[in-house]
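Lettering follows sequence order; numbering is per chain, from 1.
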Amino acid sequence: MKTNSKNSTLMAWLLVLPALLIFALMILYPFVNSIFTSFTNKNLIFPKNDFVGFENYTKLFKDPNTLPLLFTTIKFVFFSTICPFTLGLIWAILMNEKFKASEFMRGLTLVNWIIPGIAIGFLWNWIYNGDYGILNALLNKMGIIDSNIIWLAGKQTSMVAVVTARTWQMFPWYMAFIMGGLQGVPNELCEASRIDGANNIQVFTHIIIPTIKPVLILILILGTISNLQHFDLINVMTDGGPERATSTFAIEVYKKAFKEYNLGRAAALGVIWAILLGSFSFIYLRNLKEDN
Amino acid sequence: MFQKSLGFRIFFWTFIILIGFFAFFPQLWMISTSLKPETEMYKISFFQNFDLSNLNRILHNSDFLGYLRNGMMVAIISSILSTAVSAFAGYSFSKFRYKGRKQVMAIILISQAFPQGLLLVSLYPMLQNMGMIDKFPSIILAYIALTLPIGTWTLKAYFDQIPNSIMEAACIDGASDFTTMIKIVMPLAFPGMTTIAIYSFVWAWNDLLYALTLISTTAKRTLASGMIFTFTGEGGNDWIGMMAASVIASIPVAIMFVFLQRFFVAGLTAGAVKG
Amino acid sequence: MKKTLIVLTIIAFATTSLFASGEKETSIQEGLTFSNWSGSEESSKEIFKWMIDSFNEDQSSENQVVQINWPWGDTESQLALRAQGKEQYDIAQIDIRMLPALASAGVLADLSDIFGESFFSDNFAPGSISVGNYNGVQYGVPWTVAPMGMIVNPQILKDSGVDFDIVTIADFEKAMEMVKNNHPANNDSDAGNDILPFAAMTKDGGTCAPDFMVWLWTFGASVFDENGNCVLDSEEAIETINWFKSLSDKGYIQGAMGRGDARTLYKEGRVAFYNDALLAKGAITNEAFGSIETYAKPQVNPVLNEGDTPKASGWGHLLVIIDRSPKKVEAKAFIEHLISEDVALKYFDEIGMLPSKKSVLNSNEVKNDYWSNSWTPILDGGRLAETAGQNYSAYNSIIVENLQAVLSGSKTSEKAAADMVSRIENL
């Protein structure tokens with residue numbers, strides 16, 4: 001640990017400086033600017049910029065869609081974090097078995113993560129399409145359905161479709177993290193507890209899970225954040241519909257700003273979001289045990 | 001790690017089939033679609049009638065190849081810069097103790113929470129005033145900024161793992177703070193840095209929103225926004241072309257992954273696991 | 001925490017004001033910029049390149065036209081952003097639905113100053129001129145103007161036993177019923193070849209709301225009355241919503257249908273009716289079915305009572321000049337080049353975009369073409385989507401969400417209509 005000598009403090013700040021400058025320029029300034037914008041009627045295409053007080057906020061609180069927006073976001077973020085997490089965990093355990101094709105399969109799975117989001121959106125739209133989609137064709141062949149189901153038209157099913165696509169895209173990422181964690185689990189510990197008579201499930205819950213817990217928490221947090229920001233799959237697949245069933249905060253802010261041009265309202269929504277999330281992050285930070 | 005009991009075998013085979021199908025079937029579907037003749041585009045068929053014309057068409061589309069090249073270039077540059085900036089900051093947070101450190105860390109993390117689409121609204125006029133619209137540095141800067149928080153936090157955790165005794169030893173040998181960092185500590189953190197490099201790479205590679213807004217010349221488009229251009233539009237959408245393009249675009253990155261995945265998997269969490 | 005926050009804010013402003021405050025002079029510009037979306041789309045890429053190259057051949061180096069491409073969906077916002085900035089910007093292709101918003105944002109130049117008063121009346125039909133006019137000011141040169149028609153697959157109708165012309169809503173419903181019940185493909189066990197009678201838009205605001213307005217007008221309703229009050233809860237409007245709901249209940253129309261899906265299905269021969277613009281030809285052409293006459297016939301929308309004027313949603317592309325462009329004369333020359341006979345006919349030949357200039361429109365080449373000819377009866381009835389303007393997207397979203405709620409049964413037509421009105425008025 002470096003002591004507080006003047007030189008090393010200077011060095012410390014110099015190291016943070018590039019990060020801080022980029023951060024200040026590209027995130028902090030726009031963020032602060034957005035807070036100001038939320039009190040104006042600023043518009044993307046009309047040259048107006050008047051102070052309107054809390055109007056944007058009161059309109060949002062009166063809007064019957066604001067509260068459902070929160071629930072939809074929570075629903076989307078919850079399922080599209082938990083589903084790929086679970087699949088990623090199972091897949092990591094399987095891939096950790098070191099069978100012949102494991103390395104190849106692991107690499108192949110990661111490909112999902114690098115296909116551009118819009119292409120994934122179109123791919124899954126194609127699979128889910130009610131008329132020419134492969135899912136209906138498959139179910140039809142197997143005799144499960146005899147008329148087509150319009151998956152993307154249902155409120156529940158469209159959410160399922162979006163979450164599936166997101167799961168497919170992201171579970172390899174969770175897998176990779178968890179695999180990294182599994183490699184850190186000392187085998188002797190597993191052997192030792194097995195000698196004590198533990199079965200696979202007990203080894204898993206008593207040895208493996210506690211060891212990789214920091215990783216699991218880390219990826220759950222990173223996953224939650226990225227799903228909160230997630231935009232392109234929903235935009236391509238459902239456009240937030242039907243009946244706003246897949247409209248999340250990220251989609252709504254984008255629409256308000258870039259489709260409805262209402263920057264003031266979009267900023268207000270963004271500020272509400274930041275306050276909600278900020279308090280969530282704050283709680284996390286307070287509980288974060290740091291320092292050795 | 002697990003005993004190969006009957007229960008485990010059942011578990012293994014059930015999920016290898018189920019998840020394997022879920023993971024690989026859409027990939028196969030994508031490849032099979034890109035190999036279909038256009039007339040059979042919407043027929044439910046699988047690897048019948050091979051037709052390379054779609055792949056061929058994309059490979060001869062000089063605009064698309066340009067998007068691919070730009071996308072690759074932007075992603076690689078942002079990835080390297082983002083890793084460097086995050087590593088410096090992470091090192092500072094991990095190995096130094098100074099006033100304001102915790103606060104700066106907290107603010108950097110919380111900034112992740114603000115909707116990225118909205119930041120763009122204020123960024124646009126600012127960059128416009130700086131004369132940086134339609135220039136690669138502006139999106140690269142944005143990608144660094146957006147991947148910085150996760151990069152800094154992950155690498156900080158990683159540096160925490162590296163015992164201070166190593167640095168102290170180097171100091172005694174007369175190395176300066178900076179040399180110690182570059183020559184001794186950074187190489188030890190290489191797997192962790194690979195992780196962040198890949199993370200930033202994919203972020204930039206996949207980004208649509210920033211690239212679409214901040215770049216306006218066709219010749220400067222990157223992959224995702226270029227795909228929007230080439231395959232969707234008022235006059236109709238070219239799904240089959242998009243699938244073929246995705247297959248082609250994935251190949252270079254997939255090859256890169258095969259080489260880097262060892263580092264990646266090992267590096268992802270080594271920092272975070274400390275029991 | 002508080003202290004750091006203040007410090008950081010100061011840093012943020014200091015850094016940015018360093019860069020942001022320096023007002024850059026608009027430099028003397030080289031060339032002309034032409035923003036468009038068609039120039040990046042696969043089907044029109046080549047012809048756009050040719051149009052520009054053929055102009056540049058005869059121009060000095062400072063008047064060479066350079067393209068800026070935006071995706072179709074982002075054109076309006078990108079255009080406004082760029083027009084209010086400082087970079088060079090001269091000419092743009094816009095959709096007629098973008099005109100009200102862009103014109104009221106004040107970024108477009110008044111063209112009668114640049115082209116002269118008689119230019120428009122000499123060259124274009126009154127219907128086309130009015131499309132480029134907003135509040136009495138001429139902002140746009142009509143490039144291709146043709147309202148959206150009802151595209152019908154005669155083969156499917158024949159196979160379903162429809163032997164009458166579709167004139168009224170009653171005919172239309174009868175035909176949809178016959179397709180649904182009589183067509184052989186709808187009577188086998190394979191759901192993978194089912195034919196949808198009418199691929200009405202039901203997915204997103206940008207397509208569903210303007211298309212639905214046509215039915216509102218057909219039933220005598222409208223979104224706004226002449227004073228600008230939202231009247232979506234009128235008796236006629238509710239009747240329209242009920243009618244639309246009944247189509248859905250009977251399985252004639254389907255949820256989650258976007259324009260792209262409708263075109264795909266149509267191309268595969270699995271849709272009997274759908275609404276689209278003239279430029280859809282390329283997207284629905286399917287050589288497996290033979291020549292286009294056999295499987296696609298554009299016609300007017302059905303009317304409520306025989307003798308009513310058919311309604312249609314206005315559609316078209318305009319050419320505009322950006323108000324702050326210092327090169328308006330050069331911009332005018334380029335626009336004249338684009339609508340000149342040679343260029344317009346080649347544009348028409350290659351991708352079927354109908355010219356607007358009277359002289360070109362009357363050329364034999366255009367008159368003898370099946371596709372553009374079938375469009376002639378549709379040309380008169382177009383009306384711009386009522387929601388076009390500053391709140392286009394917001395209004396459309398409100399309409400679509402509530403329509404979807406009616407189709408799914410979660411709202412009654414009356415409730416949905418009342419909700420539309422209250423949300424539109426309290427936006």
At a 4.5 Å cut-off on heavy atoms, which part of [X] comes close to chain B: side chain, backbone, both, or neither?
X      : answer
A/I217 : neither
A/D232 : side chain
A/Y132 : both
A/A12  : both
A/L123 : both
A/I225 : side chain
A/N96  : side chain
A/F249 : neither
A/T164 : both

Do [X] and [Y] come within less than 4.5 Å of each other through their side chains, counting heavy atoms only?
X      : Y      : value
A/L87  : B/F15  : no
B/I16  : A/M95  : yes
B/L123 : A/M26  : yes
A/W113 : B/V253 : no
A/L222 : B/I150 : yes
B/T232 : A/F122 : yes
A/F258 : B/L209 : no
B/F11  : A/I93  : yes

Pick one of side chain, backbone, both or neither for [X], based on which atoms fall under 4.5 Å of a heavy atom in chain A.
X      : result
B/L223 : side chain
B/S82  : neither
B/F201 : neither
B/I19  : both
B/A254 : both

Review point. Any chance the rings of B/F12 and A/F99 have centres within less than 6.0 Å?
Key: yes
Revision key, fill the gap. Nearest heavy-atom contact between B/S246 and A/I115 is CB-CG2, 4.1 Å
Exercise for review: Check the angle between the aromatic planes of B/W239 and A/W126 and answer parallel, tilted or perpendicular using the 30° and 60° thresholds.
Suggested key: tilted
Exercise for review: Determine yes or no for a side-chain-to-main-chain donor-acceptor pair under 3.5 angstrom, with B/Q116 supplying the side chain and A/Q229 the backbone.
Suggested key: no
